[in-house]
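Let me begin by presenting the structure, written as structure tokens, before commenting on it.
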Amino acid sequence: MLKKAAHYFSFVGQKIVPPRVSEALSILGLSETKDYEEEYTLEDANQDYQKWLASQGTALSGGEAAYKHIDDEGKVFQTVSMAWPNNKQAPREYFMPLQHPVVGKPCPVPAKGWRNPPGTMKKLLNQGRIVFGVNETTQPRRKYILEENMSENLASLLYYGSSDDASLKKMGIHFENPKPVEVAKRLMTGVVGNGDLVLDFFAGSGTAGQAIMEMNSESHKDVRFILVQIPERINEKHSAYKAGHKTIAELCIDRLEKAGRRRIEDSGSILDVGFRVYRLTESYFPENHFEFDPSKSEKENVAALRKHLETASQPRIFDKNEIADIITEISLKNGYGLFYTLEHMKRRFPGNTVYRLSGNGKGALLCLDVELQEKNVRILAERYPEDQLILSRRALCTAKNWTLRNAFGDNLRTV
């Protein structure tokens with residue numbers, strides 16, 4: 001908004017050419033109280049702009065509101081001290097005074113010296129990035145232009161004095177010292193963009209997840225998250241345990257479900273607040289279970305590994321109750337990630353359960369049936385040779401294996 005408003009001011013020297021003054025004033029929410037069509041000065045522009053800033057209240061962060069000046073090129077900027085930033089003594093050359101460009105006299109040097117060496121100061125001067133006062137008595141400051149610092153959205157200080165105790169109590173979530181959702185939103189707003197993925201290794205009660213749900217619904221963003229929380233047991237005497245949460249991980253999951261439903265109810269819209277829950281477990285594929293025995297020689301371990309792989313490579317039947325977890329492991333091992341999608345291609349492959357597995361910008365056909373129909377072998381070979389195909393070893397006899405290997409080559413994977 002600040003950048004857009006400033007764009008409509010076109011300066012010539014210290015005066016503004018006003019062909020679109022009314023439009024500029026409209027953007028700033030101001031009325032045309034002066035005869036701007038005759039002359040609208042740089043001073044007028046700054047006064048009106050600062051009035052508009054003051055009227056925004058909490059709509060602008062402290063970081064944005066600090067950019068309260070417009071220069072003679074129509075750019076919004078702020079000035080910042082150029083003083084040496086720490087208590088360590090600055091080199092002697094960092095105390096070289098700057099000459100005021102109008103009166104030609106040296107300006108005050110910060111007590112600890114300048115932040116930058118003489119070469120950098122000269123470069124800033126040549127670029128017009130140093131702002132002087134009306135005379136030599138004012139210490140010069142560095143000029144920061146808003147459009148070059150649009151990603152710096154966080155203020156140095158974040159003030160927040162409330163808590164989420166009431167809202168969590170309403171959801172039946174009992175957790176000591178939960179982080180406020182509003183604070184998490186403010187912090188992430190400054191660094192998280194549309195399409196980003198947020199990883200929180202210490203999820204706790206799930207504050208980060210709820211904050212991202214709210215950010216997405218309020219700002220129409222598509223930010224995803226991964227929350228990690230060990231299943232730490234909750235003391236049986238704690239109110240959370242009595243409310244039905246045996247571990248902190250369970251409490252986190254319950255909170256996200258309830259927070260998602262509440263967002264839908266509050267907005268009256270259809271929102272994507274769904275999420276998947278994963279747990280650490282042993283691999284569903286026996287070939288991954290081999291462990292090196294440090295008490296044996298390398299030759300013995302290699303022989304044991306070969307024997308293990310020979311045994312593990314035997315075709316197996318997948319338990320229907322494990323299919324969802326098995327597909328997740330296959331997705332991870334083949335580069336489709338946790339955020340995969342699964343489409344059941346029922347009409348195209350009658351007699352078999354074939355899925356379109358998609359994720360990370362690529363896709364594969366997946367079938368874990370113990371038998372693959374002959375007609376579906378022909379359909380796969382003729383219509384989908386460019387795709388990756390993942391099948392159960394048990395489904396491939398010699399003839400089917402030859403047909404599909406010939407069609408898919410290295411794109412055929414068996415599990």
Please name the pair of heavy atoms, one in Leu227 and one in Ala208, separated by the smallest distance, quoted to 0.1 Å.
-> CD2-CB, 4.1 Å

Residue pair Trp84, Tyr94: steps toward the ring-ring contact (aromatic ring centres under 6.0 Å, His included) verdict | CA-CA 8 Å; Trp84 182 257; Tyr94 283 59; 5.3 Å; yes

Identify all side-chain donor-acceptor contacts of residues 168-182 below 3.5 Å with residues at least two apart in sequence or on another chain.
residue, atom, partner, partner atom, Å
His174, ND1, Ser239, OG, 3.3
Glu176, OE2, His238, NE2, 3.4

Only pairs at least two apart or in different chains count here, so list each salt bridge (Lys or Arg N to Asp or Glu O under 4.0 Å) that has a residue in residues 337-358.
-> Arg356-Asp387

Output a table of donor-acceptor pairs, distance under 3.5 Å, between side-chain atoms of residues 121-128 and any protein atom two or more places apart or on a different chain; print 'none' if there are none.
residue, atom, partner, partner atom, Å
Asn126, ND2, Lys122, O, 3.3

Check whether more than 12 heavy atoms from other residues, nucleotides or ligands sit under 6.0 Å from atom CG of Asp293, and answer yes or no.
-> yes

Judged by modelled atom types alone, do Asp325 and Tyr284 share a side-chain donor-acceptor pair under 3.5 Å?
-> yes

Carboxylate-amine/guanidinium proximity below 4.0 Å for Glu265 and Arg261 | no

Between Tyr355 and His344, how do the two ring planes meet: parallel, tilted or perpendicular, split at 30° and 60°?
-> tilted

Quick one: list whatever passes side chain to side chain donor-acceptor pair (under 3.5 Å) with Lys400, sequence neighbours left out.
-> none

Can you tell me if CG on Leu199 sees more than 12 non-hydrogen neighbours from other groups inside 6.0 Å?
-> yes

Can you name the salt bridge (charged side-chain N to carboxylate O under 4.0 Å, His left out) partners of Asp254, sequence neighbours left out?
-> Lys258

The salt bridge (charged side-chain N to carboxylate O under 4.0 Å, His left out) partners of Arg142 (sequence neighbours excluded) come to none

Output all residues satisfying salt bridge (charged side-chain N to carboxylate O under 4.0 Å, His left out) with Glu218, sequence neighbours left out; order by chain, then residue number.
-> Lys185, Arg263

cation_pi(Lys68, Tyr49) dist<6.0 Å, angle<=45 | no

Within 45° cone and under 6.0 Å: Arg186 NZ/CZ vs Tyr160 ring | no

Please determine, by modelled atom types, if Arg233 and Thr247 share a side-chain donor-acceptor pair under 3.5 angstrom.
-> no

Distance-only check: which donor-acceptor pairs under 3.5 Å involve side-chain atoms of residues 367-378, not counting sequence neighbours?
residue, atom, partner, partner atom, Å
Asp369, OD2, Asn352, ND2, 3.0
Asp369, OD2, Thr353, N, 2.8
Asn376, ND2, Pro350, O, 3.1
Asn376, ND2, Asn352, OD1, 2.8

Partner set under ring-ring contact (aromatic ring centres under 6.0 Å, His included) for Tyr336, not counting sequence neighbours | none

Looking only at heavy atoms, which two atoms of Ser81 and Gln139 are closest? And how far apart?
-> OG-OE1, 4.5 Å

Salt-bridge criterion met for Arg129 and Glu148 (N-O under 4.0 Å) = yes

Partners of Arg276 by side chain to side chain contact (heavy atoms under 4.5 Å, CB included), sequence neighbours excluded?
-> Tyr278, Tyr340

Do Asp44 and Thr41 have side-chain N/O donor and acceptor atoms under 3.5 Å apart?
-> yes

Kindly write out the residues that satisfy side chain to side chain contact (heavy atoms under 4.5 Å, CB included) with Leu280, not counting sequence neighbours, or none if the list is empty.
-> none

Checking Asp196 side chain against Val223 main chain: does a donor-acceptor pair fall under 3.5 Å?
-> no

Taking all atoms of both residues into account, what is the closest heavy-atom pair of Gln210 and Leu256, and its distance?
-> N-CD2, 3.6 Å

Please list, chain by chain and in numerical order, all residues satisfying ring-ring contact (aromatic ring centres under 6.0 Å, His included) with Phe408, sequence neighbours excluded.
-> none

